[in-house]
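Only a predicted model underlies this, so the values are computations on that prediction, with no experimental measurement involved.
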Amino acid sequence: MPVNRSSILADTLYFVKNDLINNVTDPDSTKRPANSRFVMTSYPQRQSYYPLITIKATNIESRQAGMQSTLQDITLTLEIRIWARNEKEKDELYASVLNRLANIQFTSSTGSVANGLVNLNVPSAVEVDEDGEGDKIIKSRIISVTYNFYSS
């Protein structure tokens, strides 16, 4: 389903989420509870089971693509956050996500370019460790990802 300007946020989140669900392996899929998800488009409101990946849109910028033009040059920023139980798991999931996003750019009918999302850029990846239950520390990495979208 190509991204549409009128629903750019929902379409982009749907595209990225479904691709990661189908192509990034859940390292703990056999133990994951039925009501838990490995990839989500928001921060979980229910009890979380790690590892997990959350995706949300954090910024959208739109510029006119030329004088007296109705075309828009839109930059969409996503936050893809890897939540893991240890450093190794976090690093492996991080590499899987980045490889997948890079590898699907030019896939003929299903890639990001075919869906109208061009110029994949990863301006930052920030480490964040948070307290978990008991003395456990939840490891996470926040990946900032930008795409450009050109539309009328």
Side-chain angles (χ1 to χ4, degrees), residues 1-46 48-66 69-128 138-152:
M1 173 179 84
V3 173
N4 186 312
R5 184 168 120 182
S6 64
S7 55
I8 187 172
L9 293 174
D11 292 349
T12 302
L13 290 171
Y14 178 83
F15 166 72
V16 172
K17 178 186 84 167
N18 284 337
D19 190 82
L20 294 179
I21 285 170
N22 292 319
N23 296 290
V24 173
T25 303
D26 179 354
D28 215 15
S29 62
T30 58
K31 296 178 185 173
R32 184 170 299 280
N35 65 345
S36 176
R37 301 287 176 261
F38 175 53
V39 179
M40 293 181 268
T41 55
S42 63
Y43 288 101
Q45 298 298 316
R46 57 186 163 207
S48 302
Y49 184 82
Y50 299 99
L52 65 96
I53 299 170
T54 55
I55 307 165
K56 71 178 186 175
T58 57
N59 193 33
I60 186 166
E61 297 175 38
S62 179
R63 293 173 293 289
Q64 190 173 1
S69 172
T70 60
L71 297 175
Q72 293 289 301
D73 175 5
I74 299 171
T75 302
L76 181 64
T77 304
L78 302 179
E79 173 189 287
I80 301 175
R81 189 166 182 173
I82 309 294
W83 305 76
R85 298 167 293 194
N86 56 59
E87 291 292 329
K88 181 179 181 206
E89 188 175 70
K90 178 184 68 175
D91 291 343
E92 288 173 352
L93 286 171
Y94 171 77
S96 293
V97 168
L98 285 186
N99 286 337
R100 182 61 193 167
L101 293 177
N103 290 340
I104 63 165
Q105 289 183 85
F106 305 110
T107 305
S108 62
S109 63
T110 59
S112 53
V113 171
N115 280 278
L117 300 169
V118 299
N119 299 333
L120 169 69
N121 190 15
V122 181
S124 69
V126 178
E127 301 293 315
V128 180
I138 301 164
K139 305 291 184 180
S140 72
R141 183 172 289 149
I142 301 171
I143 310 163
S144 180
V145 174
T146 62
Y147 285 104
N148 289 96
F149 179 79
Y150 302 101
S151 80
S152 55

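Figure legend: cation-pi geometry between Arg32 and Tyr49 absent, as NZ or CZ is not positioned both under 6.0 Å from the six-membered ring centre and within 45° of its axis.
Looking at Tyr94 and Ile143, their side chains come closer than 4.5 Å, going by heavy atoms from C-beta outward. Proximity of Leu52 to Met40: side-chain heavy atoms (C-beta onward) are separated by under 4.5 Å at one or more points.
Within the model, atoms CG of Asn22 and NZ of Lys17 stand 10.5 Å from one another, a figure rounded to the nearest 0.5 Å. With rounding to the nearest 0.5 angstrom, the OG atom of Ser140 is 12.5 Å from the CD1 atom of Ile53. Interatomic distance, OG1 of Thr12 versus CG of Leu78, reported as 6.5 Å (0.5 Å rounding). In this structure, the separation between CD1 on Ile138 and CH2 on Trp83 is 7.0 Å, given to the nearest 0.5 Å. Taking OH of Tyr147 as the reference point, atom CG of Asn115 lies at 9.5 Å (rounded to 0.5 Å).
Between Glu61 and Asn59, the side chains place a donor N or O and an acceptor N or O closer than 3.5 Å (distance only, hydrogens not considered). The closest side-chain donor-acceptor pair between Asp19 and Asn23 falls under 3.5 angstrom. In the model, Gln72 has a side-chain atom that pairs as donor or acceptor with a side-chain atom of Ser62 under 3.5 Å. Side-chain atoms of Thr54 and Arg81 include no donor-acceptor pair closer than 3.5 Å.
The two residues Phe15 and Gly111 make their nearest non-hydrogen contact at CZ-C, 3.8 Å. Heavy-atom minimum distance, Pro27 versus Glu89: CG-OE2, 4.0 Å. Between Leu76 and Ala57 the shortest heavy-atom distance is CD1-CB, 4.4 Å. Across Ala114 and Thr107, no two heavy atoms sit closer than the pair CB-O, 4.0 Å. The minimum heavy-atom distance linking Phe38 with Val24 is given by the pair CE2-O, 3.6 Å.
For Lys139 and Glu127, the salt-bridge test fails: no basic side-chain N is under 4.0 Å from an acidic carboxylate O.
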**Study point:** side-chain contact (heavy atoms from CB on, under 4.5 Å) between Asn121 and Val145, worked out
**Key:** CA-CA 6 Å; Asn121 190 15; Val145 174; over 6 Å; no
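Between the Asn86 side chain and the Lys88 main chain, a donor and an acceptor come within less than 3.5 Å of each other.
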